[in-house]
Amino acid sequence: MIYFDATATTKPSQEVLDTYNKVNKEYWFNPSSMYNLSVICQNLIEQTSANIFKMLNLKDKFIYYTSGATEANNMAIMGLVKPYINQNKHIITTEIEHPSVYNTFKYLESIGFKVTYLKCKNGIINLDDLKASLTKDTILVSIMWVNNIIGSINPMKDIIEIVKKNSHAKLHSDMVQGFAKIKPDFAFNDIDLITITMHKLEGLKGIGLLISNKNLKLEPIIYGGHQQLALRPGTLDTGLIVSAAKTIRLALEKQDASYYYVQDLANYLKNKLNKLPFIIINAPSPLQSPYIVSISFTNIKGETAMHYLEKADIYVGIGSACNEKIQTLERTILAISLDKERANNMIRISLSTHNTKEDIDLLVNKLQELGSK
Amino acid sequence: MEDHILIRYGELSLKKSNRKQFTMRIENHIKRALKDFKALTFEARGMRFYIILNNEDSLPIVEILKKIPGIYSFSIVSRCQSNLEDICKLAHQLVLEQIKDKVQTFKIETHRADKNFPLTSLEITKEVGRYLFKTIPGLIADVHHPDFTLSLDVRVEGTFIYTKTYLGLGGFPAGSIGKTMLMISGGIDSVVAGYMAIKKGMTIEAIHFSSPPYTSDMAVQKVIDLLETICPYTEYLNINLYIVPFTPLQKAIYDNVRDDYVITIMRRMMYRISNIIAKKINALAIINGENIGQVASQTLESMATIEEVVDIPVIRPLATYDKQEIVNIATKINTYPISILPYEDCCTVFVPKHPQIKPKLSSTIQEENKIAYLPLIDEAINNTQRITLKNKQHFNYLEYSINMLNKNTSELF
């Protein structure tokens, strides 16, 4: 099996599974109970947060542990704007966000919020557009760091500066595809709300993090007990939570080495793809994540290509796996190319340290085979 | 002007051959207990021991002395030259302080150790009395039921005068009798038993059985708080506590033996473990708070069946006490309010409805043999935690457990 879909998810590492299993064997108690074993679980959770704060150089933050990035994105966006319903407030996002952000904004638009969807012609936002769209009524700006379809990297450092300088809006960023992969040129601490998820980093599914400013008041979107400052009630899964600290540590430790390895693979792949006349590489932005290589065929549907490769035990993506229907036109490709055909004919090749140049050779051979049919 | 504390030993005087050893031990205990009062100096003179205050406040010292076993009584005394004029002046001053403008009856007791003093005891009493009546109006003599007694102790090195005498704890010097192992539960009785053992000169180390998660660390904390309360009575102002994880044994008993024998067998296991640890630490006996007839395991039949598993003496200081008498002592030593805090201990979880009050040894052994208990006892002993509780240093067990855990969990991150 050759797996080129690490953007969709990754295989959990043995170390992370060991942590998860150990916690579930020995510290499986409800952290909210009163007895000491529960206090031990609470302490493990506190240690997890403390470790993450340290690793990311965070101060005055609170980490909410969620079921994943979708929930974290919803909690951040809905939680922040909820008190402002029917107050004619303005919120900003981009047209290439993940559905868990984009569709949340669509919903907010439907209930009366004014929404600006920043254009991303080059796969990233235009900073002047951002600056121009900020008003005194803007309460939230949500901009992803690394796009999940084409791997374009938004200039977060400038975005932070512009939002801070020109508005009172809070800044949220979906960092799922950039975190622990791309070296940031900004401080995580300077962003009000950050979403990350573990299963993209060889961690477990079912655990995402919303890293929030400590003093930022969010409204709950679900109601229940007092857990996690009552913002995200429900019994805490100590095992999943502790596994997050391990996932992040391991990912950060090998972040640089992985980046250079994958960058080398990406260059190797792109060089080969450039020789195939029926393939366009979707990489318009100045800064690209090497982890994601998006291509469109001139005359083959992405779905068809995916299944063709699958028969050869090669697995690629065709856009956001979170899309309801895979037939849906890929919004991101449409945004950069305004070309329905190109969106429809797209596949996404995700690279990881588990891939080799031999894997790429096999992939390119298959693509060539497919193109010449 | 109160510049000395005079300490008297009680029962010790009877033990002639060991007297020196006993007094040394108690003097060292006093010095250790008072080491925070830097200005104090000490002076031993035969069977008396003086603490020279050097301007330290006597009140907190009194409280500490009241907790030192082996002291029969002590007085706060003032000292002057052994001549009649100085004695009268000092007596006058102390009486004024004592009566504080109230009409009080008093008597004078004179002890003349300095046989070269020109007046006899009686003459001294008369002279001082005359002086006091002359100078302090409203003073009435009553030799039978005085409000206070003015004591004069005329010695070569000076005359010691005092009006206040405090009763000490009595008993033997802490640690003079030997080491014992106290089984402590967190209830009212066992800590009182421990206190009485200390008072009678025994060093105690304590053993507590804990059944997490059925009992909480709060229950262990309660035992710690109780032992910390009686730390000031101990020779080295500390007590070692062994915390035995009892859950696996307890569950094995509960799952396998006849309901009515659960308590008997549980107690036998506790005794076995106490016996083993006692021997490891060279304790010569087991102390506990058992009280005849109080609960099912404390009938004479139960005691016999349970005690059968140990081969060192089991001492039950409270065996014949009434509950109220025990509560009175617990109140006096301030353990009562801690004891009545409502945390389950391992004796109260899994209690059968109708425990056997006359367990037969043969049936007990038959039931007990349903469990392979020896490895479970070994496991319990291997996992026993030993902590040392010290006077005036609060031990936070929760923090301790969490720190222990953190040591074991760092690889998780």
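Every chain is numbered from 1 and lettered A, B, ... according to where its sequence line falls, protein lines coming before strand lines.
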For this session: Decide yes or no for B/Thr409 and A/Tyr27: does some side-chain heavy atom of the first lie under 4.5 Å from some side-chain heavy atom of the second?
Result: yes

Exercise. Out of curiosity, B/Glu411 CD to A/Glu15 CD, how far, rounded to the nearest 0.5 Å?
Worked result: 12.0 Å

Exercise. Is the number of heavy atoms from other residues, nucleotides or ligands under 6.0 Å of B/Lys323 NZ greater than 12?
Worked result: yes

Exercise. When you look at NE2 of B/His354, are more than 12 heavy atoms from neighbouring residues, nucleotides or ligands closer to it than 6.0 Å?
Worked result: no

Exercise. Just wondering, are more than 12 heavy atoms of other shown residues or ligands nearer than 6.0 Å to NZ in A/Lys254?
Worked result: yes

Exercise. Tell me, do A/Lys22 and B/Leu412 make a side-chain contact under 4.5 Å, heavy atoms counted?
Worked result: yes

Problem set entry | Heavy-atom pairs under 4.5 Å with chain B, option from A/Val16, A/Val23, A/Thr48 with the top count | A/Thr48

Exercise. Of the options A/Leu44, A/Ile248, A/Thr19, which is the one that meets B/Phe413 in a side-chain contact (heavy atoms from CB on, under 4.5 Å)?
Worked result: A/Leu44

Exercise. Within a radius of less than 6.0 Å around CG of A/Asn57, do more than 12 heavy atoms belonging to other residues, nucleotides or ligands occur?
Worked result: no

Exercise. So which part of A/Tyr20 gets closer than 4.5 Å to some heavy atom of chain B, the side chain, the backbone, both or neither?
Worked result: neither

Exercise. Given a strict heavy-atom distance threshold of 4.5 Å, which part of A/Ser243 is in contact with chain B: side chain, backbone, both, or neither?
Worked result: neither

